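Only one structure is covered here, and it is reproduced in the block below.
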Amino acid sequence: MNEDLGAAEAALVAARRANLAALRSRGNDPFAQTRYDVDASAAELRAAYAALEPERKAEGEQRSIAGRIMSKRRMGKTLFADLRDRTDRLQIYVRKDDIGPERYEDWIDLDIGDLVGVRGYMFRSKMGELTLHVLDFAVLAKALAPLPDKWHGLTDVEKRYRQRYLDLIVNPEVRDAFAARSTIVAEMRRFIDARGFFEVETPTLLHVAGGAAARPFLTHVNALDQSMQLRIATELNLKRLIVGGLERVYEIGRIFRNEGIDTTHNPEFTMLELYAAYWDVHDMMEFNEALVAHLVAGVTGGLNTLRHGERTISFERPFARIGYLEGIARYGGFERERLLSPAGAAAILEELGLPPSPAHGHALDKIFEHVLEPHLVEPTFVTDYPVAISPLAKRKKDDPELVDRYELFCANFEVSNAFTELNDPDDQRARFEAQVRERAGGNEDIPEPDWDFVRALEYGMPPTAGIGIGVDRLVMLLTNNPSIRDVILFPLQRQHG
RNA sequence: GCGCCUUUAGCUCAGUCGGUAGAGCAGCGGACUUUUAAUCCGUUGGUCCUGGGUUCGAGUCCCAGAGGGCGCACCA
């Protein structure tokens, strides 16, 4: 079974198997264990005994923890080892005199990576380290494969992603980032639930994936013998629920887009979408600002600033606001009339030295990215988008070429996108028809229209505001990680032998 | 898709001008009853990513390919 291993690795595995056999020969089969009574975590013990003075022992109280052996320092008839559990690392101390010569042999046969449960009392060593003096223990599982280097850890990025379990074992900051993600998402739910929203789950398999401009993944349902698509947004189904009277709904769900992979894009990612009947885009902005400020305070222990790379970003409310056209005029000097006409926007692209765009909306996106986005470091609401790039948003009452929409930018990327939802079925139908023409013109990123969505609007949708937040990118921001792969446990990698 | 970088022991990395492949950690054997990257003595371990080519001789030079990272392009 080890034919695919190199000789050196095979020898390491063989040594561990020999240790496993030795443990079993003493009636101590690690894989026969089913449970262990754990009454503390490493972090709890560190906190509970923080005041213990050097060389003092808390002999009266026995505590037990379980974890993985990360290092072992043998000194003849005693040994020190470091145990790691989900919370922290804790040093343990084992003496031959305490457990007897035969059980001490077990510790010689234990390897780095093995899982043990230990019970004993806490003391502080001569060197000042809090340590658990082991009086009893159980071997709970054996690591037959050798772990990466205890000091350098695992730095090979490819291996870290392909074997994330190794990354999590040896790189504590990786575990911390994913623990932070869990906390952030939980806090997000609490914040939303407290405002009376229903959490719902809508299908990922759809006949027509819509609600965004992106290429979908294609699949096939055998039972129906029909081709289907993986969703690229949850928007249309969530608004159907608003039509259905649920009034306040949200979904935190996996979205799939069959597009490029880079430091801010993974083909499957997590999006929060939330819709509130009787809110408009201003209510949503208020909500959005409160949510982000709350999460920043949560991860920083109450601060309103975040470290991002070399800089510090302030999230003091209110966040900056700038109009879409106003911003492009301020930083690029391009005027509204040119931007809002397809020919004018195409001419601006040329002036900027950018390649021509297939459509007006695309040209606007490119101009925005080059002119305004580089300036958006502090959290900033960009408001009042052109209708050409907002097919699902409601027009501004006094300015029908623009829509009641904003995007929140921070650290030069989009954190959220929100608008007052278009609820006029005739306008929606007209915009879908425009998309049909654009799609016929060769833009494959434009989805097929979802005509049943127009039918839903015909039954009446209350005035509603909606928002989408890229959860992965928000976690990147909140945990100061530069790549989306740092906040996705198993990022997509090419398959190889 | 394009460009740059990268791939050597289980892990982290050296490898000069093309001349028999190295270190630390881990492992193995030994000493050591408060160590902590424990220490000390001894020692095993290689598909140098793959396939071609040049050469008396290739980890090293050339070509092609594969994986990965970064940048650009793409991408609400």
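Because the structure is a prediction, the values reported are computed rather than measured. Residue numbers start from 1 in every chain, and the chains themselves are labelled A, B, ... in the order their sequence lines are given, proteins ahead of strands.
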- Interatomic distance where CZ belongs to A:Arg494 and P belongs to B:G1 [whole Å]: 8 Å
- Item | Separation of the C1' atoms in B:A9 and B:G45, to the nearest angstrom | 6 Å
- Item | Separation of B:G68 P from A:Gln163 CD (nearest whole Å) | 14 Å
- Mind running side chain to side chain donor-acceptor pair (under 3.5 Å) on A:Glu273 and A:Thr234 for me, showing each step along the way? CA-CA 7 Å; A:Glu273 284 197 47; A:Thr234 49; 2.9 Å; yes
- Geometric class of the A:Tyr93/A:His133 ring pair [parallel <30°, tilted 30-60°, perpendicular >60°]: perpendicular
- Query: So which nucleotide from B:G71, B:U35, B:C11 ends up closest to the side chain of A:Lys159?
  - Reply: B:C11
- Considering only heavy atoms from C-beta outward, does the side chain of A:Phe137 approach that of A:Arg103 to under 4.5 Å? yes
- Query: Rounded to whole angstrom units, what separation is found between the CD atom of A:Glu158 and the P atom of B:C70?
  - Reply: 12 Å
- Please confirm whether any donor atom in the side chain of A:His152 sits under 3.5 Å from an acceptor in the base of B:C11, or the reverse. no
- Which residue lies more 5' along RNA chain B, comparing A:Ala11 with A:Pro146 via nearest heavy atoms: A:Pro146
- Query: Does the pair A:Asp399/A:Arg336 count as a salt bridge with the N-to-O cut at 4.0 Å?
  - Reply: yes
- Choosing from B:C70, B:G45, B:C28, which nucleotide comes nearest the side chain of A:Thr263? B:C70
- Message: I'd like to know if A:Asp82 and A:Lys150 make a salt bridge, using a cut-off of under 4.0 Å between side-chain N and carboxylate O.
- Response: no
- Item | Interatomic distance at P, B:G19 relative to B:A58, whole Å | 11 Å
- Note on the structure: Separation of B:C49 atom C1' from A:Arg162 atom CZ, nearest Å, is 13 Å
- Query: Does any N or O donor sit under 3.5 Å from an N or O acceptor when you compare the side chain of A:Gln91 with the base of B:U35?
  - Reply: yes
- Message: Using the P atom as the point on both nucleotides, what is the distance between B:A64 and B:C56, in whole Å?
- Response: 24 Å
- Can you tell me how far C1' in B:G53 sits from the matching atom in B:G42, rounded to whole Å? 45 Å
- Whole-Å distance between B:G67 C1' and A:Asp156 CG? 10 Å
- Query: Going by modelled atom types, is there a donor-acceptor pair between the base of B:G24 and the side chain of A:Asp149 at under 3.5 Å?
  - Reply: yes
- Message: Whether the side chain of A:Ser125 and the base of B:U35 hold a donor-acceptor pair under 3.5 Å is what I'd like checked.
- Response: yes
- Task: Take atom P in B:C28 and the same atom in B:U35, then report the distance between them in whole Å.
- Result: 24 Å
- Closest to the side chain of A:His362, out of B:C75, B:A73, B:C28, is B:C75
- Query: For A:Ile92 and B:U33, what is the distance between atoms CD1 and P respectively, to the nearest whole Å?
  - Reply: 19 Å
- Message: Suppose you measure atom P in B:U50 against the same atom in B:A66; what distance do you get, rounded to whole Å?
- Response: 15 Å
- Message: Between B:C48 and B:A21, how many Å separate the two C1' atoms, rounded to a whole number?
- Response: 8 Å
- For A:Glu55, which contact category applies under a 4.0 Å heavy-atom criterion: base, sugar-phosphate, or nothing? nothing
- Task: Using the P atom on both, measure B:G46 against B:G52 and round to a whole Å.
- Result: 23 Å
